[in-house]
Structures are given as structure tokens and as C-alpha cells.
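The first residue of the sequence shown is numbered 1, and numbering continues consecutively from there.
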Amino acid sequence: MEHLGINIDIRNIPELDSGFVPLHRFNQAFLAGAKKPLGIAVERANGEMAAVETFIHGTPAMHEADCYYINRLVKTILWMKGGFRIYVRGDEGIYAYLKEAYSAGGCQAFDWEYMAGIFEHPFEVLLTDTLPESKDAPKAIGGHMTGCRIGFDAGGSDRKVSAVIDGEAVYSEEVVWFPKTNSDPDYHYEGIVAALKSAASHLPRVDAVGVSSAGIFINNRTMSASLFLKVPKDLYDSKVKDIYIRAITDTFGHIPYCVVNDGDVTALAGAMSLKTNSVLGIAMGTSEAVGFVDARGLITGWLNELAFVPVDANPEAMEDEWSHDIGCGVKYFSQDGVIKLAPRAGISLEEGLSPAEKLKVVQKLMEADDDRAAAVYRSIGVYLAHTLAYYYSLYECHHVLLLGRVMSGKGGDLIIATCRKVLADEYPEVAGALSLALPDEYFRRVGQSAVAASLPEA
């Protein structure tokens, strides 16, 4: 296979997506002939830095391939770790390209504007002679069991709260709410406070509160979250960014609290379930939600928004409607991935059905051993193998916990079986270092809100 003048050796191609070009394989083939050193660093909050030493070809004939490789590399760093400032060392042409790409009219204008918003800083691209060094600040969050605690889990269709005493949930409740369709932030605030007070009524005191929520959180502040999709920007800035902090301190005063992305809480629950660290949790549902617990059992504070990290170098890959970029994980590891592949397998999905209902159609066929549905799940298994090899190179994780609606039932079993087969054939070094797991009974029993209660140190 050839792409942008790079010859790529791929043995395993998804049967329903012959145009799929694993970005990891492209990168490996590109770097095999690249000799010119190049440094890229991305700065994020609190002076933290992600620095990468890499190579480009540096010739006019390979300029397009160089720009593409660096574009996808920077995009990956931004959505994996976050950042508002890019440093470039070693090539003025690449600097000029990135400066144009990350601008109001550039090809990465969405990323440029989004990252500037969540980090509350204008996005910049700078040319430098000395590349900043990598700097991380992982935190020992979670696993704190002593005392009287509250764990709150904010979902898009329901909210869950648990009252926990010395690690044992003494009360849990689940309440339906509609945060994504409500434009009044007071609706969200009152719902959060009501949940906190309900849990508190079952405790002799409240020592700490942990929150698990979809979104991007920096210093416990809600910088971006789909739960508040309809809230106008002025009200978002004044009432949403500190909504969890206000709800907790208004209700209980100044007690320890912690607000963490739900993907990281899932990974933490997985680490507790597997009784090990270095866990990447991937939930394939409405989107691709990801969290990571490092080798020391710490939460990194990275974005881990792998739904928007590119995985496919095919120039005809499907576009994500939100970011308008192509080839990103959300179209491969979510219900969108199933819906994309189903018609190619000859499965007709009625117009007017919701994405979740369309997924159920394919799942029902899979439970009946329909080979058309099996082809969908085998194709996702091939996607996953190539992509896990990429994720392994980024995270150096040793355990992957796979969950979410797409992974349920026979389809999930087939995804894992296919993935393992392809890893063994195409990436034996990864297959030997990476274990795949589904949630066990402990994981299902504990629940996200109860794990959230263990987040802050009291």
C-alpha cells in the first residue's frame, strides 16, 4: 500500500473497509526513511510540557508527507495531553506550516479555537532553538477509603450518587435528568446539590466528595463538557466552569474534593478491579471515552480525548461532524463505527432510528449468529488491533480494559478475539506486552459513583 509516497506493509485489513490505512503503520514506514531531526513540544496548564524528538525527510519531494506526519503527530499530542502552545525546533518550513494550520482559517482551526478556550489562553506556534523538556505532574488520586465520603457520577441521561463509609457503599441512588437539553445552568447546579444532600442524609458527617463527570477538567474546573451543551457561553463562563466546586463548598463548606474525567475514573476502577496499574480504559459507546492510570497508579491529568486522535491515514476516511477532521477514533470505536460498517455488510438500518437503536439492530443480528453482523465486529477488531499498537506506543500501558455498549454480548467477544489474532500476527511485540480485559463482577458491582468517592484524600 502507498500513501503520500510512503510504502506501507499491512497484512490485516478490515473486510468492510479496504481503504483503511493504520496511522501507526504509516508512521512507522514514514520514519524508516526520515533522517532530519525535528523537535515538537506542546505546553499545557501549570507549565506542563509534552516534548517529542522525531524526524522528517526534509526534502521538497517529501514535503507533503512531512507536513502530514507532523500534522497528525501534533493533533495526537493535543487530544491526548492537551495544550495551547506548540514549540518547533529544527525546520522553518514545518514551523510555517503549523502556524498556518493552527490559525483561524487553517486546516486545524477547530483544534486551535477549542484548545485556546479550554486553557483560557491564545493558541500559539513558536519557532525555537532549544526545545523545552517534557514535564508532567501526575497525581495520586483515588483509592482513599477511610471516612464518610460522597461519590457523584454525572451522566448524560442520569446522575448517580453514593454515600460511602470506610469503602462500603451504604446508600446509592440513580436519578433521571436531562442536562444536555437544558440551557439553564441552575438546573444542573440544583440537580448536583440535590444529589449531594441526598447522599449526605445517609452519613453521620461528610469528610470528602469525589466527582466523576464527562468533560475536560483542569484544576477541578469544568473547561468543556457535553452535559452543558445548551448553556450559553456567558452563563457557562460565570456559572458552569466552577459548578462542581460551588455545589460542594456551598453545601458542605471547605472540605476535600476532587473533580475528574469519567474516563480516568473508569481506568481507576479497572486498576482496582485488576489489582494492577498501567491501565488504559476504553469505553465504546456514544463516543470513545478513555482514561489512564499510569505505572505508579497515578492519574496523569491529560485530556485522553482519544475520540479525536487520528487512527486512519486514508484520505477518504469518514469525517467527524463535530471537529470536521477525518480518520479519528470516534468513527471507529463507538456506535458510530458500527453504524458506518453495517450497510457495507448488507444490513439495512431504518431512517429515523436513534444511533443506540441502530446499534441494537446489529447486536440482535449478532446474537443470532448472522455473519453480516459478525463481519462488522471482525472489522472493528482489526481496527482495534492496529490502533492499540498505536496507543501502546503513546502510553506504554500494559493492560487495556474494554467496555461500553459496543463491547457487550457476542459482538464484544468477537472484537477481542479478532484483535488478539491480528496483534499476534502484525504486532507480536505488542501482543506479548499488552493484556486485554472486560469488566469483571467486582467492577460492575462497585459502580462509578462509589469509586468516585475514593478520589480525594481526606
Side-chain angles (χ1 to χ4, degrees), residues 10-22 156-157 266 281-290 306-307 311-312 314 316-321 326-391 400-427 431 434 436-440 443-444:
I10 309 169
R11 291 194 297 275
N12 295 271
I13 298 292
E15 60 194 275
L16 298 178
D17 190 355
S18 61
F20 177 65
V21 182
S157 57
T266 296
I282 303 175
M284 303 183 200
T286 305
S287 184
E288 178 191 9
V290 177
L306 300 193
V311 300
D312 186 359
N314 178 9
E316 303 301 321
M318 184 174 283
E319 178 184 284
D320 162 48
E321 300 86 351
I326 66 170
C328 296
V330 66
K331 290 300 181 182
Y332 300 78
F333 308 113
S334 71
Q335 59 193 17
D336 283 1
V338 175
I339 294 165
K340 174 186 76 174
L341 294 173
R344 302 181 192 182
I347 299 172
S348 178
L349 299 174
E350 292 181 26
E351 292 295 327
L353 294 179
S354 70
E357 289 170 330
K358 290 178 179 178
L359 173 62
K360 287 179 180 178
V361 170
V362 181
Q363 288 176 323
K364 187 175 181 180
L365 290 170
M366 185 64 212
E367 293 303 313
D369 296 320
D370 189 305
D371 195 58
R372 296 173 301 168
V376 171
Y377 289 104
R378 286 194 298 266
S379 295
I380 293 174
V382 177
Y383 286 152
L384 184 62
H386 287 293
T387 302
L388 285 184
Y390 187 37
Y391 291 171
V400 175
L401 185 71
L402 297 164
L403 60 160
R405 288 192 298 272
V406 174
M407 290 302 302
S408 65
K410 290 183 178 180
D413 293 338
L414 185 54
I415 288 173
I416 286 187
T418 305
C419 178
R420 285 176 172 151
K421 181 180 178 181
V422 174
L423 279 174
D425 178 52
E426 196 112 22
Y427 309 96
L434 195 63
L436 311 183
L438 293 170
D440 64 5
F443 185 95
R444 285 187 281 265

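With sequence neighbours excluded, no residue forms a ring pair (Phe, Tyr, Trp, His ring centres under 6.0 Å) with Y377. Looking at residues two or more places apart in sequence or on another chain, you find a salt bridge (Lys or Arg N to Asp or Glu O under 4.0 Å) between E321 and K331. Here E426 pairs with N12, R25 under the side chain to side chain donor-acceptor pair (under 3.5 Å) rule; sequence neighbours left out. Here E15 pairs with A375, R378, S379 under the side chain to side chain contact (heavy atoms under 4.5 Å, CB included) rule; sequence neighbours left out. Every residue two or more places apart in sequence or in another chain was checked for a side chain to side chain contact (heavy atoms under 4.5 Å, CB included) with P343, and none qualifies.
Between the side chain of D312 and the backbone N or O of V21 there is at least one donor-acceptor pair closer than 3.5 Å. Side chain of R372 to backbone of I347: no donor-acceptor contact under 3.5 angstrom is found. At least one donor-acceptor pair under 3.5 Å links the side chain of R420 to the backbone N or O of L436.
Note that CE of M407 and CZ of F333 are 11.0 Å apart. Values are rounded to the nearest 0.5 Å. To the nearest 0.5 Å, the span separating OH on Y427 from CG on L388 amounts to 10.0 Å. To the nearest 0.5 Å, atoms CD1 (I416) and CG (L423) are separated by 11.0 Å. One distance of note links CG of L359 with CE of M366; it measures 12.5 Å at 0.5 Å rounding. Between atom OG of residue S408 and atom NZ of residue K360 there is a gap of 10.0 Å, rounded to the nearest 0.5 Å. Of the inter-residue distances, the one linking C419 atom SG with L402 atom CG reads 7.5 Å to the nearest 0.5 angstrom.
Among residue pairs with one or both ends in residues 340-350, those qualifying as side chain to side chain donor-acceptor pair (under 3.5 Å) are K340-Y383; sequence neighbours excluded.
Of the options V311, V290, I282, a side chain to side chain contact (heavy atoms under 4.5 Å, CB included) to L306 is made by V290 and by none of the others.
Of all heavy-atom pairs between V406 and S334, the closest is CG2-C, 3.5 Å. The nearest pair of heavy atoms linking V330 to D336 is O-CB, 3.9 Å. Taking each heavy atom of N314 and I326 in turn, the nearest pair found is O-CD1, 3.8 Å. Residues P439 and L401 come closest through the heavy atom pair N-CD1, 3.9 Å. Shortest non-hydrogen contact noted between S18 and I13 is CA-CG2, 3.7 Å. A pairwise comparison of heavy atoms in L438 and D413 identifies CD1-OD1, 3.9 Å as the closest pair.
Side-chain contact between K358 and Q335 is absent, with no heavy-atom pair separated by less than 4.5 Å. In this structure, the side chains of T286 and R405 come closer than 4.5 Å at one or more pairs of heavy atoms. Counting heavy atoms from C-beta outward, H386 and V382 have side chains that approach closer than 4.5 Å. The shortest side-chain heavy-atom distance between P22 and T387 does not fall under the 4.5 Å cut-off.
Atom NZ of K421 has 12 or fewer neighbouring heavy atoms from other residues, nucleotides or ligands inside a 6.0 Å radius.
With salt bridges taken as basic N to acidic carboxylate O contacts below 4.0 Å, none links D370 and K364.
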